[in-house]
Amino acid sequence: MNDTLTKLSQVLEQRKGADPESSYVAKLYHKGLDAILKKIGEEATETVMAAKDGDPAKIVYETADLWFHSLVLLAHQGLGPQDVLRELDRRFGLSGLEEKASRKGTPEG
């Protein structure tokens, strides 16, 4: 499963130098962080709406769009899926309450 994320991450990195007229992702990078964040917000809303509709195929489709645009954000910020996977791995085995308590005093806690 991680192989797909790795391959996609590599393509997203390559698009950083592409002509914005030749690539959707290059166009997003060219427009900057606000455009990427706006797209993530749109995709998150569409994912919520798909879940409310209860259509499994729509949920998967919209979640794929949300993940894709989140990966664009990560690449734009010099991060990649491996960074998120490491954080998820760090949390694995912790209860949600334990993990939240470990963030006390941080901006997220």
Side-chain angles (χ1 to χ4, degrees):
M1 181 179 340
N2 295 346
D3 191 41
T4 301
L5 293 176
T6 300
K7 286 190 252 181
L8 182 53
S9 177
Q10 291 167 349
V11 170
L12 294 176
E13 280 298 316
Q14 293 168 359
R15 295 295 190 270
K16 284 182 175 180
D19 178 359
E21 297 303 314
S22 69
S23 161
Y24 169 74
V25 172
K27 188 177 289 189
L28 271 179
Y29 287 143
H30 182 74
K31 288 180 177 180
L33 181 61
D34 286 346
I36 295 167
L37 296 175
K38 180 179 177 190
K39 195 64 186 166
I40 289 174
E42 290 171 8
E43 298 304 343
T45 300
E46 290 172 4
T47 301
V48 168
M49 291 170 29
K52 294 286 271 178
D53 289 345
D55 180 346
K58 275 178 75 175
I59 294 168
V60 169
Y61 183 87
E62 296 301 345
T63 300
D65 280 351
L66 179 58
W67 285 16
F68 176 83
H69 289 90
S70 295
L71 289 169
V72 171
L73 170 65
L74 288 171
H76 183 74
Q77 299 291 80
L79 301 164
Q82 70 281 359
D83 297 299
V84 176
L85 292 172
R86 272 194 296 273
E87 175 61 15
L88 289 172
D89 190 48
R90 182 191 70 77
R91 295 181 188 185
F92 192 77
L94 289 177
S95 79
L97 296 175
E98 288 174 322
E99 198 283 325
K100 185 168 177 138
S102 75
R103 291 186 276 152
K104 275 234 186 281
T106 67
E108 299 85 24

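In this chain, residues are counted from 1 in sequence order. Only heavy atoms go into these numbers, but all of them, side chains included; no hydrogens, no water, no symmetry mates.
One distance of note links CD of Glu21 with NE2 of His30; it measures 8.0 Å at 0.5 Å rounding. Rounding to the nearest 0.5 Å gives a distance of 10.5 Å between OG1 of Thr45 and CD of Glu62. Taken from CG in Leu5 to CG in Leu12, the straight-line distance is 10.5 Å, to the nearest 0.5 Å.
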Inset, instruction - Would you check, one step at a time, whether the test side-chain contact (heavy atoms from CB on, under 4.5 Å) holds for Lys38 with Asp34? - result: CA-CA 6 Å; Lys38 180 179 177 190; Asp34 286 346; over 6 Å; no
Inset, instruction - Apply side-chain contact (heavy atoms from CB on, under 4.5 Å) to the pair Val84 and Leu74, showing each step before the final yes or no. - result: CA-CA 9 Å; Val84 176; Leu74 288 171; 3.7 Å; yes
Inset, instruction - Please lay out, stage by stage, how Phe68 and Val25 fare under the test side-chain contact (heavy atoms from CB on, under 4.5 Å). - result: CA-CA 10 Å; Phe68 176 83; Val25 172; 3.5 Å; yes
Inset, instruction - Start with the C-alpha distance between Arg86 and Asp89, add both sets of side-chain angles, then the distance that settles salt bridge (Lys or Arg N to Asp or Glu O under 4.0 Å), and finish with yes or no. - result: CA-CA 5 Å; Arg86 272 194 296 273; Asp89 190 48; over 6 Å; no
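With sequence neighbours excluded, the residues satisfying ring pair (Phe, Tyr, Trp, His ring centres under 6.0 Å) with Tyr24 are His69. Residues that satisfy the salt bridge (Lys or Arg N to Asp or Glu O under 4.0 Å) test with Lys27, not counting sequence neighbours, are absent from this structure.
Both Leu37 and Leu79 are part of a single hydrophobic cluster, where members link through side-chain heavy atoms under 4.5 Å apart. Linking Ile, Leu, Val, Met, Phe, Trp and Tyr residues whenever their side-chain heavy atoms come within less than 4.5 Å leaves Leu66 and Val60 in two separate clusters. A single hydrophobic cluster is not seen to contain both Phe92 and Leu85; linkage of ILVMFWY side chains at heavy-atom distances under 4.5 Å, directly or through other members, places them apart. Note: the hydrophobic cluster containing Ile59 does not contain Ile40 (ILVMFWY, side chain heavy atoms under 4.5 Å, direct or indirect links).
Counting heavy atoms from C-beta outward, Asp55 and Tyr61 have side chains that stay 4.5 Å or more apart. In this structure, Leu33 and Gln77 have side chains that are in contact, with non-hydrogen atoms separated by less than 4.5 Å. Residues Pro81 and Leu71 are in side-chain contact: their nearest non-hydrogen atoms beyond the backbone lie under 4.5 Å apart.
Minimum interatomic distance between Asp65 and Glu43 (heavy atoms only, all atoms of both residues): CB-OE1, 3.2 Å. Of all non-hydrogen atoms in Ala18 and Ala26, the two that sit nearest each other are O-CB, 3.6 Å.
Other residues, nucleotides and ligands contribute over 12 non-hydrogen atoms within 6.0 Å of the NZ atom of Lys16.
Checked by atom type and distance alone, the side chain of Ser23 never pairs as donor or acceptor with a backbone atom of Pro20 at under 3.5 Å.
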